[in-house]
J.: 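Before we start, here is the structure in question, set down as structure tokens.
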Amino acid sequence: MNKKLSTATLCVQGGWTPRKGEPRVLPIFQSTTFKYDTSEQMAQLFDLEAEGYFYTRLQNPTNDAVAAKIAALEGGVAAMLTSSGQTANFYAIFNICQAGDHFISTSSIYGGTYNLFAVTMKKLGIEVTFIDQDADDDTILAAFRPNTKLLFGETIANPGCSVLDIERMARIAHSRGVPLIVDNTFATPVNCRPFEWGCDIVTHSTTKYMDGHATAVGGVIVDSGNFDWEAHHDRYACLTEPDPSYHGLIYTERFGKAAYITKATSQVMRDLGSIQSPQNAFLLNIGLETLHLRMQRHCMNAQRVAEYLQSDERVAWVHYCGLPGDKYYELGQKYLPNGSCGVISFGLKGGRDVAIRFMDNLKLAAIVTHVADARTSVLHPASHTHRQLSDEQLREAGVEPDLIRFSVGIEDVDDIIADIRQALEA
Ligand SMILES: *Cc1c(COP(=O)(O)O)cnc(C)c1O
């Protein structure tokens with residue numbers, strides 16, 4: 001598919017271009033395996049010497065079409081679907097980190113990612129240092145070590161709603177010869193394409209806006225193809241030196257710009273196996289077909305809701321980068337000029353108890369462990385998604401104990417505001 005097509009067209013038509021007599025709609029290839037005529041043909045596939053499908057854990061045509069659509073939307077060379085956003089972030093890092101390595105992450109990130117980095121990856125011998133994304137360059141540079149392999153952040157942090165200065169982070173990462181990985185879940189490529197600002201690898205929880213209807217858990221890793229692994233040959237020996245699990249194949253030599261994403265598919269996914277089911281990829285694709293329309297409506301509605309909240313005296317504070325005066329307004333204008341997302345965080349006067357009572361009184365907005373779908377939803381991170389974090393970790397992650405995460409849907413905004421008003425009054 002031509003990369004010059006606009007985002008809206010790619011959302012609708014990217015990834016699947018049927019030929020004569022083929023289905024108009026991307027079919028679900030509900031098959032674990034694929035047939036060959038000779039034993040030799042199959043052997044070549046196993047050696048990565050021929051291209052073709054042979055087992056769905058490695059590749060499946062439905063998944064590949066959806067991955068191609070997302071790669072085109074982000075402006076990358078290729079993408080790989082994963083079973084969840086958690087897997088996407090884990091594999092994106094594990095693809096270039098092993099025991100004894102270190103990486104740096106901003107601290108205001110999704111709670112599940114924080115646990116993955118701080119607890120589970122540590123058990124694998126991979127250490128993380130969390131930094132304040134608003135710290136000055138020198139402070140961030142001081143966190144780098146000789147064994148640091150990458151820098152990680154979220155375009156718009158879940159749930160703190162801070163905006164990452166992607167261009168600055170990319171500059172810092174590249175000055176130390178490491179790639180920048182950005183979780184672009186909340187912005188989506190409709191509102192921000194991190195590769196255009198120097199980011200090297202993008203991840204998503206497709207469970208959120210991309211699916212958009214809360215039907216399928218999934219994730220994706222997209223490779224820009226821009227990071228020069230060979231320029232840092234020894235640091236990325238996993239890509240630049242022979243891989244013993246493929247008869248000594250060298251990813252950078254054989255796959256060039258697609259070295260990183262090919263290794264992710266042919267080695268990490270082959271060995272760890274958290275693929276997205278073709279059925280889920282099919283649902284994700286239907287979601288993607290309206291992503292550009294939904295994001296516009298989410299942003300319009302959220303702007304109105306944020307303005308309403310800001311004007312209500314019972315509201316203590318509101319974080320939404322679309323509000324002039326917000327701490328991240330300027331960064332929002334730079335990276336998200338057409339809108340950020342539908343997620344707003346705010347606190348009520350009276351703190352945590354009032355927050356919980358307010359949420360219980362909402363009628364249209366449902367309390368769900370979900371965010372970023374068509375239906376307005378609400379969550380109290382300190383009691384729910386971020387429950388495992390201590391108060392100090394909560395603050396580090398940009399989560400005040402009274403923070404309400406309000407995910408504005410695509411209903412009529414007047415109905416959403418009326419629901420908030422009645423819950424504030426109750
Ligand atoms: C939800 C979320 C994840 C985790 O994704 P799952 O699909 O739930 O595994 C990762 N990053 C961000 C920003 C998220 O919002």
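We count ligands from 1, going down the list as the structure has it; atoms in each ligand are counted the same way. For this chain, numbers begin at 1 and follow the sequence in order.
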J.: Taking everything shown except Gln296 itself, do over 12 heavy atoms lie less than 6.0 Å from its CD?
T.: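 Open.
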J.: So, using salt bridge (charged side-chain N to carboxylate O under 4.0 Å, His left out) as the criterion, who are the partners of Lys263 when residues are at least two apart?
T.: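 So Lys263 forms no salt bridge (charged side-chain N to carboxylate O under 4.0 Å, His left out) with any residue.
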J.: Where does ligand 1 get N/O contacts under 3.5 Å from the protein, atom by atom?
T.:
residue: ligand 1; atom: 5 (O); partner: Ser205; partner atom: OG; Å: 3.0
residue: ligand 1; atom: 7 (O); partner: Gly85; partner atom: N; Å: 2.9
residue: ligand 1; atom: 7 (O); partner: Ser205; partner atom: OG; Å: 2.8
residue: ligand 1; atom: 7 (O); partner: Thr207; partner atom: OG1; Å: 2.6
residue: ligand 1; atom: 9 (O); partner: Gly85; partner atom: N; Å: 3.0
residue: ligand 1; atom: 9 (O); partner: Gln86; partner atom: N; Å: 2.9
residue: ligand 1; atom: 11 (N); partner: Asp183; partner atom: OD2; Å: 2.7
residue: ligand 1; atom: 15 (O); partner: Asn158; partner atom: ND2; Å: 2.9
residue: ligand 1; atom: 15 (O); partner: Lys208; partner atom: NZ; Å: 2.6

J.: May I ask you to check if Arg270 and Tyr246 form a cation-pi contact, with NZ or CZ under 6.0 angstrom from the six-membered ring centre and within 45° of the axis?
T.: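 The answer is yes, since Arg270 meets both limits relative to Tyr246.
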J.: Tell me, which pairs form a ring pair (Phe, Tyr, Trp, His ring centres under 6.0 Å) where one or both residues lie in residues 256-275, sequence neighbours left out?
T.: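 Output for this query lists Trp229-Tyr260.
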J.: Return each pair, listed once, that meets ring pair (Phe, Tyr, Trp, His ring centres under 6.0 Å) where at least one residue sits in residues 341-372; pairs must be two or more places apart or across chains.
T.: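 Ring pair (Phe, Tyr, Trp, His ring centres under 6.0 Å) check on residues 341-372 returns Phe346-Phe358.
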J.: Could you tell me whether Glu425 atom CD has more than 12 heavy atoms of other residues or ligands within 6.0 Å of it?
T.: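 Count over threshold, so yes.
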